[in-house]
Amino acid sequence: MKKLCAEHHLSFEEAKRWYDGYSFDAVGSVYNPYSVMKAVVLKKFRSYWRMSSAADALEDYIAADYDGLFQAVLELLGGFETPVDTDGFNNDVQSIRNRDDMLTLLIHLGYLAYDGDAGTARIPNEEIRIEFSKSVREVKSSEACPGFL
């Protein structure tokens, strides 16, 4: 990433803030390759996540408010981590039973980063924080105007 940013005259620190946040013991930091390449081509750091099909489902997940998911999302937006038990998830979107299942699904979709040692999830970077913020605003707007979700 440092080399790519240097070659294209982009700030590595800004790239890290926008697109880093996922990591694995064996490889270290993992960036969203689609968003990085869009930023390189367009020379602009912003959220390119909305242009992916998975982004559309986030509002529905938040609006469903499984076991207080909406409040957990607000806490995540505040920069906090939230506990999550990933063990019970069946990797099946049709059998979501509770908040932990929903948070685990959001981890699988890349919306949340997971710390296996602590058993917590967090919003990994600025790009995803923006998408969560947009989704929360849309959910609140839909509550004011029923039937729009």
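Computed from heavy atoms alone, side chains included, the values below leave out hydrogens, waters and symmetry copies.
- F12 and Y31 have tilted rings, their planes meeting at an angle from 30° to 60° on a 0 to 90° scale.
- The distance from atom CG of D101 to atom CG of D85, rounded to the nearest 0.5 Å, is 9.0 Å.
- Between E13 and K16 there is no salt bridge, since no side-chain nitrogen of the basic residue lies less than 4.0 Å from a carboxylate oxygen of the acidic one.
- Here E126 contributes atom CD and E14 contributes atom CD; the two are 8.5 Å apart, rounded to the nearest 0.5 Å.
- No more than 12 heavy atoms of other residues, nucleotides or ligands lie within 6.0 Å of CZ in F80, so this atom counts as exposed by the packing criterion.
- The two residues S133 and L77 have their closest heavy-atom pair at OG-CD2, 3.4 Å.
- Of all heavy-atom pairs spanning R97 and G88, the tightest one is NH2-O, 2.9 Å.
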Do any side-chain atoms of residues 115-125 form donor-acceptor pairs under 3.5 angstrom with protein atoms, and if so which ones, sequence neighbours left out?
unit_1, atom_1, unit_2, atom_2, d
D115, OD1, D117, N, 3.0
D115, OD1, A118, N, 3.0
T120, OG1, E81, OE1, 2.6
R122, NH1, G21, O, 3.4
R122, NH2, G21, O, 2.8
N125, OD1, E127, N, 3.2
N125, OD1, I128, N, 3.0
N125, ND2, Y19, O, 3.4
N125, ND2, D20, O, 2.8

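- H8 meets the side chain to side chain donor-acceptor pair (under 3.5 Å) test with no other residue; sequence neighbours excluded.
- Inter-residue side-chain proximity for I107 and F89 is flagged as unmet; no heavy-atom pair is nearer than 4.5 Å.
- Considering every non-hydrogen atom in both S47 and E131, the closest pair reads OG-OE2, 2.6 Å.
- Put simply, OH on Y111 and CD1 on I62 are 9.0 Å apart, with the number rounded to the nearest 0.5 Å.
- Here the shortest heavy-atom pairing between C5 and S11 reads SG-O, 4.1 Å.
- L42 CG to M37 CE: the interatomic distance, rounded to the nearest 0.5 Å, is 10.5 Å.
- The two residues E59 and V139 have their closest heavy-atom pair at O-CG2, 3.5 Å.
- The residue from V27, L112, V30 that alone fulfils the side-chain contact (heavy atoms from CB on, under 4.5 Å) condition with Y22 is V30.
- Expressed to the nearest 0.5 Å, how far CG of D87 lies from CG of D100 amounts to 9.5 Å.
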For a quick test of your reading: what N or O donor-acceptor pairs under 3.5 Å do the side chains of residues 65-76 make, sequence neighbours left out?
unit_1, atom_1, unit_2, atom_2, d
D65, OD1, L69, N, 3.0
D65, OD1, F70, N, 2.7
D67, OD2, R99, N, 3.3

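- Between Y48 and Y34, the shortest heavy-atom distance links the atoms O-CE2, 3.9 Å.
- Here the OG1-CG distance, from T82 to L103, works out to 6.0 Å after rounding to the nearest 0.5 Å.
- Surrounding NZ of K44 are at most 12 heavy atoms belonging to other residues, nucleotides or ligands under 6.0 Å away.
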